[in-house]
There are 2 protein chains.
Amino acid sequence: MNDTKYVAYEQPGVTVDLVVFTVSGDALKVLLVQRAAEPFAGCWSIPGGFLRKNESLEEAAQRVMQEKTGVSQIYLEQLYTFGRVDRDPRARIITVAYFALIPWKNLPHPGSKKVADLGWFAVDHAPDLAFDHREILQYAVDRLRAKAGYSNIVYGLLPESFRLSDLQRMYEIICAEKLDKRNFRKRMLATGLLQETGKKDQAGAHRPAMLYRFIKKEVVFLD
Amino acid sequence: MNDTKYVAYEQPGVTVDLVVFTVSGDALKVLLVQRAAEPFAGCWSIPGGFLRKNESLEEAAQRVMQEKTGVSQIYLEQLYTFGRVDRDPRARIITVAYFALIPWKNLPHPGSKKVADLGWFAVDHAPDLAFDHREILQYAVDRLRAKAGYSNIVYGLLPESFRLSDLQRMYEIICAEKLDKRNFRKRMLATGLLQETGKKDQAGAHRPAMLYRFIKKEVVFLD
DNA sequence: CCAAAAGTGTTATTGATACACCCATGC
DNA sequence: GCATGGGTGTATCAATAACACTTTTGG
């Protein structure tokens with residue numbers, strides 16, 4: 001870094017935007033906020049906020065997450081930093097985008113809440129978005145899809161314990177392709193990342209399923 | 001993004017830092033600048049500069065590259081944005097780090113130049129670095145090594161035309177492992193990304209080598 | 001007893017790895 | 001003629017992909 005002027009008033013604004021994913025029903029969904037003020041009043045957008053003096057980028061992202069969903073300590077990953085000169089018509093703003101994964105069941109009021117101006121949208125049927133948020137969303141979806149293929153990242157979308165068929169459903173929904181049950185189970189169990197809980201799920205008129213949990217609560221690259 | 005205050009003087013400074021790699025001899029090297037002023041005066045650091053009002057992040061990175069090496073239009077990729085609160089003792093600064101690849105032969109005065117306060121260092125023997133630049137460098141090296149494995153990214157380190165043995169050397173130096181010549185050639189030619197130039201290199205007391213070029217001048221994922 | 005999801009192995013195909021000799025040139 | 005790097009093919013092994021039936025439960 002150079003020692004050019006440390007004049008803060010010359011500096012752009014810095015925000016943190018959060019692409020929050022969940023899976024509910026049979027769709028990958030993203031959390032959006034309806035804007036109240038101009039520009040783009042009434043338009044949907046990705047939730048975000050300004051970086052504060054005494055917090056790191058990661059802390060800002062966790063704070064925004066907490067403010068919007070009431071949930072903390074979830075999986076967050078820095079995605080990309082967007083800095084087109086005219087991306088905000090009011091002022092020069094650069095935004096550090098993060099993406100987050102959260103199990104549908106862990107959300108405070110699953111489905112019913114409909115807090116004020118927040119909404120969950122299937123990523124394939126999202127409305128028009130403010131600013132360059134369409135681009136940010138697309139970037140996040142691409143990254144999630146890619147990363148699902150070579151990591152255990154989907155653990156962030158599942159509750160503490162789950163059936164192998166739940167896990168398979170996550171992969172199928174995220175990557176939008178059907179998988180073979182036997183090969184899938186073989187491969188997953190071979191990773192050594194899963195552990196039987198000993199408990200069995202019982203819901204529905206069929207044979208009960210063994211419940212599993214992830215041994216590591218962090219992203220690991222497979223193979 | 002929220003509509004909280006657009007007060008620029010509350011905002012952190014934004015810089016762009018550039019981890020510039022090249023391969024020379026048998027080592028992966030990085031470009032460093034020796035700092036003149038405090039803090040960390042005399043200490044080596046990653047080159048960078050403040051983001052200007054009328055340039056995007058990418059443009060700023062290309063400008064810094066031009067300023068430091070005299071080279072433009074090279075492969076640049078955004079790496080990560082670093083924002084620890086105390087990463088700069090003077091003021092709150094967040095930095096968007098990029099990494100760049102450049103063929104040793106394309107540098108203005110290969111080796112001899114030694115422009116002022118610039119130097120090339122083997123990444124495995126880099127000196128202590130200012131600020132959090134050690135962390136940034138490590139992040140860049142990890143990314144380059146990983147990406148070499150599943151993309152054609154090394155094209156950025158080679159001149160327009162090159163021998164297959166040059167290409168193999170790049171992989172071996174970057175990933176620090178020896179590769180089998182026949183398997184390597186088979187795999188590379190199978191990607192369909194290489195094209196014979198028709199010309200042959202002639203340098204040295206041995207059979208001349210066919211020169212190849214990359215068909216695509218962009219990063220492509222393999223397999 | 002019927003519907004619905006759980007659970008379980010084998011074979012075929014494909015891709016990855018290991019490995020050694022002859023060739024063209026400059027000196 | 002010898003030293004130097006260029007160029008080539010095959011056999012083995014490992015990973016992946018394709019594929020169908022039996023089990024346990026609730027109603």
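Convention: sequence-line order gives letters A, B, ...; per-chain numbering from 1. In what follows, every heavy atom counts, from backbone to side chain, and hydrogens, waters and symmetry copies are set aside.
With A:N152 contributing its side chain and A:E218 its backbone, the two residues share a donor-acceptor pair below 3.5 Å. Formation of a donor-acceptor pair under 3.5 Å by the A:E196 side chain with backbone atoms of A:M210 is not found in this model.
Salt bridge annotation for A:E160-A:K105: absent, with no cationic side-chain nitrogen under 4.0 angstrom from a carboxylate oxygen. Between B:R84 and B:E135 there is a salt bridge, since a side-chain N of the basic residue sits under 4.0 Å from a carboxylate O of the acidic one. The residues B:D142 and B:R145 are annotated as not salt-bridged, no charged nitrogen and carboxylate oxygen being separated by less than 4.0 angstrom.
Listed by residue number, A:Q202, A:G204, A:A205 are the residues of residues 196-205 of chain A with a heavy-atom contact under 4.0 Å to DNA chain D. The stretch residues 161-170 of chain A does not touch DNA chain D, since none of its heavy atoms comes less than 4.0 Å from the strand.
Across C:dG7, C:dG9, C:dA24, the shortest atom-to-atom separation from the side chain of A:N183 is found for C:dG9. Of the candidates D:dA20, C:dA6, D:dG9, D:dG9 carries the atom nearest the B:R182 side chain, counting heavy atoms from C-beta on.
More than 12 non-hydrogen atoms from other residues, nucleotides or ligands lie less than 6.0 angstrom from CG of B:D86. Crowding of A:K199 atom NZ: a count of heavy atoms from other residues, nucleotides or ligands under 6.0 Å not exceeding 12.
Distance CG (A:L222) to P (D:dA15): 14 Å, rounded to an integer number of Å. Between B:M210 atom CE and D:dT8 atom C1' there is a gap of 14 Å when expressed in whole angstrom units. One can place CZ of A:R185 at 17 Å from C1' of D:dA18, the figure rounded to the nearest angstrom. Atom CZ in A:F184 sits about 14 Å away from atom P in D:dT16, given to the nearest Å. Nucleotide D:dC21 holds its C1' atom 14 Å from the CG atom of A:D180, rounded to whole Å. One atom, NE2 of B:H206, and another, C1' of C:dC23, lie 13 Å apart when rounded to the nearest Å. Rounded to whole Å, the distance from NZ on A:K186 to C1' on D:dA15 is 10 Å. For the pair B:R207 CZ and C:dC27 P, the interatomic distance rounds to 19 Å; values are reported in whole Å.
Using a 4.5 Å heavy-atom threshold, the side chains of A:H133 and A:R87 count as touching.
Evaluated for a side chain to side chain contact (heavy atoms under 4.5 Å, CB included) with A:R63, the options A:M65, A:Q66, A:E67 yield exactly one hit, A:E67.
B:R187 comes within contact range of no nucleotide atom at all, as no heavy-atom separation falls under 4.0 Å.
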